[in-house]
Each structure stands twice: as C-alpha cells, then as structure tokens.
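A quick note: this is a predicted structure, and the numbers were derived from the prediction, not measured. Below, all heavy atoms of this structure are taken into account, side chains as well, without hydrogens, waters or symmetry copies. Labels below follow one simple rule: chain letters A, B, ... track the order of the sequence lines, proteins then strands, and each chain is numbered from 1.
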There are 2 protein chains.
Amino acid sequence: MSGRREDVRRALSGCESFRSAQDIYADLRAAGSRIGLTTVYRALQSLSETGEVDVLRTDEGEAIYRACRTDEHHHHLVCRVCGRTVEVEGPAVEKWAAAVGAEHGFRDVTHTVEVFGTCSEH
Amino acid sequence: MSGRREDVRRALSGCESFRSAQDIYADLRAAGSRIGLTTVYRALQSLSETGEVDVLRTDEGEAIYRACRTDEHHHHLVCRVCGRTVEVEGPAVEKWAAAVGAEHGFRDVTHTVEVFGTCSEH
DNA sequence: ATCAATGCAAATGATTTGCATAACC
DNA sequence: GGTTATGCAAATCATTTGCATTGAT
C-alpha cells in the first residue's frame, strides 16, 4: 500500500503531456491501483514542493502537473490539441521581465510564461 | 434593478488592481447595491467576452478581473502585496514566443505572460 | 508500540445552473 | 404579451480536511 508517491511520480514520468490530478487518479485506478484521490493530491503537492514536478493552471482554473527534465528555470510550449509539451528556455523573456519590473520600481520580480500552439502532428 | 452590467463595469473601472468576482460583489453590496453574486459572474463573463475586461488566474486558481485601458495585446506587472497593476508591452516577448513556436513546428501560437513583483510602495 | 501514510466521507470555496420573478420594449 | 435581466437556492467541480485504519520501523 506504500509508495503511492512513487506511483504518482511514475504516472507522470511516463507521460509527455500535462495531466490533472483527476487524470492521474483515473490512470492509476485504470491500471489497477487502489490509490485514493486524496493521496494523489497529497503526492502532487509534495512533488511540486520539492520541484520534481511543474504545476500550472488551465484557463478553467484546473491545476495541471508535469514531470520536468530539468530543475532549471524554464517555460513550456504546449500543444492545445494533444497536450504534447516541449520545455523551452527564454533568456530574452527573463531579461525583459526583470527590466520591466525595474523600470516601474518593482522588486523581487517573478514571472509566469506559457506558450500554446498546435503542434506539427495536428 | 437594471444596469447591473454597468455597475460591475464601473466597480472595475474605478480600481487600479485586479479584483475577484467575490471582491466586486462585496464592494457593490457594501456600496448599498442589492445585486446578486450570480449577476456579477454573468456580467464579468459578458465583459470579458467583449474584451472590455482582462481575466487571469491567481496561483490558487481564482479568476481575477481588471478593466484595461487599451484593446491592444499587452501584459501586466502586478504588485503581489497591494495588487496595483501596470499594463506593459513586450515586443521582445511576442517575438520570442512566435520564434519558439515556429522552431518546434507549432502553428497558431499564443502565449500568456504575467509579471509579479513588489511595488515601490511596499 | 509508535509514527507516518492512506483512503473514505464530509467540508470548502469558487463558479454555474434551474427556475420563478421583475423589468423592459 | 413576449423577451431579457436578475436573484435566490441548489447543483457542480476541483481541492482540502477530519478522522479512523493500515503499514512500516
């Protein structure tokens, strides 16, 4: 019954796209696991705190998660049809965000950037 | 009893920061209006569809709204303490997003960009 | 035996919907 | 009179919490 956190991590690792907690729960149950939805949420919260997975929000406000290959700061290019996701870097954006903040006297500037499109398969 | 949509628009216009539907409802009720929460949501949905207000999501998934000065594409620099918001442009970001999408064969590329910081008053 | 992990059910909180009423033309 | 806007209460949906149970040490 243990290792639920690992189950969740594995469910995410084997996947190219962002999934919601509900998706992951459904996947695991479909695969025969008796995991509870609560545990999925707790595992995801824990994994996101340690930085092992990235979290973002859909336009509908649902949280979606993905296992990331790198610990470094990066952004995502997501296919709006199939969810396929590419991790991208953006030095230009980092600089721009910092500059914009400084220009208006803001400190401790952070930013969120997500890019959506339709991938070549669709 | 009519003109609710206008009440909501006005509540947003007189405000420098992003507000949630619940905030606006509270503001209007506090100001003596007998508007219903449902109507606030309906007005906000309508206003955002016509592009009169901008919508984004907090990290907690709550939708927040703001009346924007311009119809043109732009982004926001938001103070994480007081919510004060500055509309900013980012040609560099627009180009970067388009380039990143093209590089990976994505079509119809769009993007969301928000910048957060602590403003000079805090 | 003890402490942490787990699951189920109930609670929360934002948002939406059903429906009857009131305002508008 | 017929359509549209409004509000209240109930319904949804994702997510969280209370609590008793189970697993690991």
Side-chain angles (χ1 to χ4, degrees), chain A residues 1-13 15 17-67 78 80 83 112 114, chain B residues 1-13 15 17-67 78 80 83 112 114:
Chain A
M1 182 185 277
S2 185
R4 282 349 195 161
R5 187 184 148 116
E6 286 312 309
D7 291 348
V8 170
R9 190 215 303 278
R10 215 172 305 119
L12 265 175
S13 299
C15 179
S17 57
F18 277 94
R19 320 297 313 270
S20 70
Q22 310 274 345
D23 288 343
I24 294 163
Y25 172 68
D27 290 352
L28 288 169
R29 296 292 283 205
S33 170
R34 289 187 189 164
I35 197 171
L37 181 56
T38 306
T39 306
V40 172
Y41 275 105
R42 282 195 280 237
L44 286 170
Q45 180 174 352
S46 159
L47 288 167
S48 66
E49 276 168 6
T50 63
E52 289 169 88
V53 305
D54 258 23
V55 194
L56 61 87
R57 297 257 168 198
T58 66
D59 283 345
E60 294 80 43
E62 192 181 31
I64 50 179
Y65 306 83
R66 181 173 189 242
V78 185
R80 65 168 67 84
T112 64
E114 303 300 334
Chain B
M1 183 182 280
S2 184
R4 278 359 190 150
R5 185 183 148 115
E6 285 312 308
D7 292 347
V8 170
R9 189 214 304 278
R10 215 172 305 119
L12 266 175
S13 299
C15 179
S17 57
F18 277 95
R19 319 296 313 268
S20 70
Q22 311 274 346
D23 289 341
I24 294 164
Y25 172 69
D27 290 351
L28 288 169
R29 296 291 284 206
S33 170
R34 289 187 188 162
I35 196 172
L37 182 55
T38 306
T39 306
V40 173
Y41 275 105
R42 281 194 281 238
L44 287 171
Q45 180 174 352
S46 159
L47 288 167
S48 66
E49 277 168 6
T50 63
E52 290 170 89
V53 305
D54 259 23
V55 195
L56 63 87
R57 298 258 168 197
T58 65
D59 283 346
E60 294 79 44
E62 191 181 30
I64 50 179
Y65 306 83
R66 181 172 190 243
V78 185
R80 65 167 67 83
T112 64
E114 303 300 333

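Here the C1' atom of nucleotide D:dT15 and the CD1 atom of A:I24 are 14 Å apart, to the nearest Å. With rounding to whole Å, B:D23 atom CG is found 15 Å from C:dG13 atom P. To the nearest angstrom, P of D:dT6 lies 13 Å from CG of B:L44. When rounded to the nearest whole Å, the span between CZ of A:R5 and P of C:dT6 equals 10 Å.
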Take B:E114 and A:E114 through the test side chain to side chain contact (heavy atoms under 4.5 Å, CB included) and record every step on the way to the result. CA-CA 9 Å; B:E114 303 300 333; A:E114 303 300 334; over 6 Å; no
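The side-chain hydrogen bond (donor to acceptor under 3.5 Å, both in side chains) check on A:Q22 picks up A:Y41, with sequence neighbours excluded.
Comparing the helix axis at one end of the helix from C:dA1-D:dT25 to C:dC25-D:dG1 with that at the other, each defined from 5 consecutive pairs, gives an inter-axis angle of 10° (nearest 10°).
Note on B:R4: a side-chain N or O is less than 4.0 Å away from OP1 or OP2 of D:dG7.
Between the CZ atom in A:R57 and the CD atom in A:E62 there is a gap of 9.0 Å [rounded to 0.5 Å]. The distance from the CG atom of B:L44 to the OG atom of B:S20 is 9.0 Å, given to the nearest 0.5 Å.
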Could you list all N or O pairs between the protein and nucleotides 15-19 of chain C that sit under 3.5 Å apart?
{"residue": "C:dT15", "atom": "OP1", "partner": "B:A63", "partner atom": "N", "Å": "2.9"}
{"residue": "C:dT15", "atom": "OP2", "partner": "B:Y41", "partner atom": "OH", "Å": "2.6"}
{"residue": "C:dT15", "atom": "O5'", "partner": "B:Y41", "partner atom": "OH", "Å": "3.3"}
{"residue": "C:dT17", "atom": "O4", "partner": "B:T38", "partner atom": "OG1", "Å": "3.3"}

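Under the 4.5 Å side-chain criterion, counting only non-hydrogen atoms from C-beta, B:V8 is in contact with B:I35.
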